[in-house]
Structures are given as structure tokens and as C-alpha cells.
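Have a look at the structure below before the remarks.
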Amino acid sequence: MQASDRFNINSQLEHLQAKYVGTGHADLNRFEWAVNIQRDSYASYVGHYPLLAYFGIAENESIGRERYNFMQKMLLPCGLPPEREDD
């Protein structure tokens, strides 16, 4: 692998990270990464009707109620953020 290949790969990665929030960046901590994953999952469940119907049947709830529950879970999918250490 040549130096130019590494530069090209790194520039492509930086471009993807700038374009898409879910791909992360160097300063992303574990909690923020988990929140992104959970929100992406809930958005996918709400956006795909067959998945929403599956969850509705599995939990014996209406599809509208499941959609509402997933939208509410998107607010704080992993609970409150941990306290940051001030250095």
C-alpha cells in the first residue's frame, strides 16, 4: 500500500464522515455512537411499514401506537448522557 493510497482512503473517510452523521468522527464518544445507532434503528422501524406491522403484532399493539412509541424512544434512546469530566 502506497502513501497516496492511504491519503485517498483517509480523504474518502473524512468526506463520508462530513456527509453522514452516523459514520462518526474522531471525537465521537461511545454514548453518542450508541445514540446514533438506536435512532437509526427506530427511524428504520417507523419508515418501513412491514417492520412496524411485525412489531405491532408481536406486542399486540396497533401500528399507530407502535409508531408513537418508537418516536418517543427516539428522544432519549439510551437514557440521559453521562456527566462529562471537566479537565
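The structure displayed is predicted, hence computed values, not measured ones. Atoms considered below: every heavy atom in the structure, side chains included; atoms not considered: hydrogens, waters and symmetry mates.
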Next item on the list: Enter the distance from Ile57:CD1 to Ser62:OG here, rounded to the nearest 0.5 Å.
Entry: 12.0 Å

Notebook entry, point to check: Angle class for the Tyr45/Phe70 ring planes (parallel below 30°, perpendicular above 60°, tilted otherwise)?
Noted result: tilted

Margin query: Show the nearest heavy-atom pair for residues Gly79 and Phe31, with the distance to one decimal.
Written below: O-CZ, 3.5 Å

Check: Can you tell me how far the CD atom of Glu66 sits from the CG atom of Leu51, to the nearest 0.5 Å?
Finding: 11.5 Å

Checklist line | Qualifying residues under side-chain hydrogen bond (donor to acceptor under 3.5 Å, both in side chains), relative to Ser44, sequence neighbours excluded | finding: His48

Next item on the list: Check whether Tyr42 and Phe55 end up in the same hydrophobic cluster, where Ile, Leu, Val, Met, Phe, Trp and Tyr are linked by side-chain heavy atoms less than 4.5 Å apart.
Entry: yes

Next item on the list: Find the distance between CD (Gln38) and CE (Met74) and round it off to the nearest 0.5 Å.
Entry: 10.5 Å

Item checked: Remaining members of hydrophobic cluster (4.5 Å side-chain criterion), Tyr68 -> none

Note to self: Using 0.5 Å steps for rounding, measure from the OH atom of Tyr49 to the CD1 atom of Ile63.
What the structure shows: 3.0 Å

Notebook entry, point to check: Can any side-chain N or O of Arg39 pair as donor or acceptor with the backbone N or O of Leu75 at less than 3.5 Å?
Noted result: yes

